[in-house]
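This report refers to the structure that appears directly beneath it.
Below, all heavy atoms of this structure are taken into account, side chains as well, without hydrogens, waters or symmetry copies. One-based numbering, in listed order, for ligands and for the atoms of each.
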Amino acid sequence: MPFISLRDVSRSYSSGEGPPLHALRGVSLDIDRGEFVAIVGPSGGGKSTLLNILGLLDDPSSGQYALDGEIVTAGRGGTAARTRAEKIGFVFQAFHLLEKRPAADSVELGLMYQGIGRDARQVATEQALESVGLPDKTTQSVSTLSGGQRQRVAIARAVATNATLILADEPTGNLDSANAAVVLDELERINRGGATIVVVTHSPEVAARASRTVRIIDGSVHTDETRSPEAPDDGRDEPGPEAATTSAFGKRTRLRTADILRDAWASVRSRPGQTFGQAAAVAIAVALMVATLGLSASARGQVSATFDAHLNREVSARWSGDLAHLPPLAQIVPRASAVAGVEAAAAVVDLGPKTIASLSARREVQPHLVSGNIVAAARLTVAEANWHNGALAPREAYIGDLLAEDLDIGDASRAPSITVDGERYVVAGIITKSSRLPLLRGEVLLGGAPETDIRHASDITALVLTSAGAAPQVARQLPIAMNPFLPKSLVVTAPTDATKLRGQIEGGVQATMTAFTLVALIVAVAALVNATLLALNSRRGEIGMRKAVGARDAHIASLITAESAYVGILGGVGGLFAGMIAILVVTISQHWAPVFDLVLLPVSIAVGLVVGASGGALAAIRAARLRPAENLRA
Ligand code: ADP
């Protein structure tokens, strides 16, 4: 039974509109174990097509291929991948090694895809490199090796798995004659060890080494000549590595995740430029995410602080209707001040219209009688105040700047006086700003004597400024403090839904930032999809080689996904740092307190990983589907 048996094998390629192209037409060929066969013939004759079929990289359109007594097909499943991994070694014109990675990585690839453990792989790899005369190149980067050395590494890869069939496509095509001779010596040596060798070549030197030459012209076997065996010449007498008929590695297991991850990490590291570019896409998105999350936390803190500092602190209680239960004016402020959370309190009593007169003018105005710290409670800015802790003494007045101008009152420092319905008041200060009661700038505040009868007032209000966040509680307590028996007789004004409003503003800030971040992440995934697909283009040969040495579709998909995940994690960490710097820059320039949440670290890494893996998913699927035959051509 021949080792290789092709029966009536044809292969045609559909060429769009035109008639199909017949690359092979009814080829029948038997090759025995241990033969060294050269396939020669003019370009385009179908040599590579034949080799692809022999290597289970391609299926015939019709006809049958039996290897080692079994009918085999390339198909799509894992069976062909396993057959390739265990029985077939490939040597390509373009070497197809893992560039910028140690020579050993390329050699052990086939063993890895067979699921052989790391230690056994290492031993076999070292032996294989030694057998091709490169024992000291195990750790040397492939990109620093000469062409001849590269091809010997490729041969080491083919023999490391104890392949019984070595398929070589123009193995010396890229080599000078000296290096070509070394490579041919290797092939001969392996052949003497028992391996079957089929080599496609244009080179007479290569063909001369073979024991049989099959000439393919126009898709058919034209001639098939076997040379009578010569006496082995002395220099090439040493025995080659024994080609095993069964596996030399004992029990095989499934390819381990750790091996895929290690391989992916080495792959990512071997392309620093590309890795950096792709990681940068992720980093930008993660940086935006970190910055928006961090800034929204800082901004929310800022909103809350601003909110508490202003709106949320103003509470007032006004007596409405029945003024029978009114406390004396002197008691309103002490009672309000006793409420927990009150920082400043004042009583404001609106009197009926009165005539205010200065030396030169007079106006009809409604004055307010006040007690307590009116400056703080009403948030006044008073120029040139005759200062009593923000309070007015009896017979003193604060006059609004607009009214002061009307009445032609100049400087408060000269202690001018006014009369209110004929009673004299000293102007202790001029109100230039009144944020809480804006009308005050056209009005006048009068210091009330404690015993003043306020029963005829038109309106009485206790005005309170609370400490930050205390407003709701003060609003509940204030009417009780003012009138324990009839608290309902007071109308309380407070920013009633302050917490709710704050929550809404915070929610709004958060939602905007989140939307922004989502857009950034989507853009990053899109950029990465693009980048990984582009990168895949330059790796078609490598993917084809990985499949040729036994990788299954799932292995390739896992590799590309793991690589993208690594890139994503790198981007995530980079983005975290960039984002934190952005937060610092913004918060420092805005005089905000920066908020860093520790959870950003795992979140950044996780988001980077997810963005990376999903950005690489499409490339992973494409890579898994690549047909090796079409991607291994030089
Ligand atoms: P050789 O190796 O002898 O130069 P090939 O086997 O590469 O020849 O090609 C045989 C014929 O098949 C050529 O005409 C080539 O253009 C064609 N061919 C090879 N591969 C493909 C393909 N994937 N699609 C279409 N035509 C192909």
Inset, instruction - Just need the protein heavy atom nearest to atom 23 (N) of ligand 1, so name the residue and atom and give the distance. - result: Tyr13 CE2, 3.6 Å

Inset, instruction - Report the part of Pro42 (side chain from C-beta onward, or backbone N, CA, C, O) that has a heavy atom under 4.0 Å from ligand 1; answer both or neither where that applies. - result: backbone

Inset, instruction - Provide the number and element of each atom of ligand 1 under 4.0 Å from a heavy atom of Ser43. - result: 4 (O)

Inset, instruction - Flag Gly46 as yes when one of its N or O atoms lies below 3.5 Å from any N or O atom of ligand 1, and as no otherwise. - result: yes

Inset, instruction - Only counting residues at least two apart or in another chain, list the ones meeting side chain to side chain donor-acceptor pair (under 3.5 Å) with Gln140. - result: Lys137, Thr144

Inset, instruction - Could you tell me whether atom 3 (O) of ligand 1 has a protein heavy atom closer than 4.0 Å? - result: yes

Inset, instruction - For the residue pair Ser131 and Arg189, establish whether any side-chain heavy-atom pair is separated by less than 4.5 Å. - result: yes

Inset, instruction - Show which atoms of ligand 1 fall inside a sub-4.0 Å distance from at least one heavy-atom site of Ala23. - result: 10 (C), 11 (C), 12 (O)

Legend entry - Charged N-O contact under 4.0 Å between Glu170 and Lys47: no

Legend entry - Test applied, side chain to side chain contact (heavy atoms under 4.5 Å, CB included); reference residue, Phe3; option that passes from Asp32, Ile31, Leu165, Asp30: Leu165

Inset, instruction - Assess whether atom CZ of Arg622 is packed by more than 12 heavy atoms of other residues, nucleotides or ligands within 6.0 Å. - result: no

Legend entry - ligand 1 to Glu630 polar contact by distance, N or O atoms, under 3.5 Å: no

Inset, instruction - Would you check whether Thr49 has a nitrogen or oxygen atom less than 3.5 angstrom from a nitrogen or oxygen atom of ligand 1? - result: yes

Legend entry - Residue part near ligand 1, for Val200, under 4.0 Å between non-hydrogen atoms: neither

Legend entry - For atom 7 (O) of ligand 1, closest protein heavy-atom neighbour: Arg633 NH2, 3.1 Å

Inset, instruction - Note the single closest protein heavy atom to atom 15 (C) of ligand 1, along with its residue, its atom name and the distance in Å. - result: Leu21 CD2, 4.6 Å

Inset, instruction - Return a yes/no value for Gly44: is any of its N or O atoms, backbone included, closer than 3.5 angstrom to an N or O of ligand 1? - result: yes

Legend entry - Note, Ile543 side chain near Arg540 side chain (heavy atom, < 4.5 Å): no

Inset, instruction - Under 4.0 Å from a heavy atom of Gly45: give me the atoms of ligand 1 that qualify, with their elements. - result: 1 (P), 3 (O), 8 (O)

Legend entry - Atom indices of ligand 1, in the order listed, that fall short of 4.0 Å to a heavy atom of Lys47: 1 (P), 2 (O), 3 (O), 4 (O), 6 (O), 8 (O)

Legend entry - Reference residue Val282; test side chain to side chain contact (heavy atoms under 4.5 Å, CB included); the match among Val611, Val525, Ile569: Val611

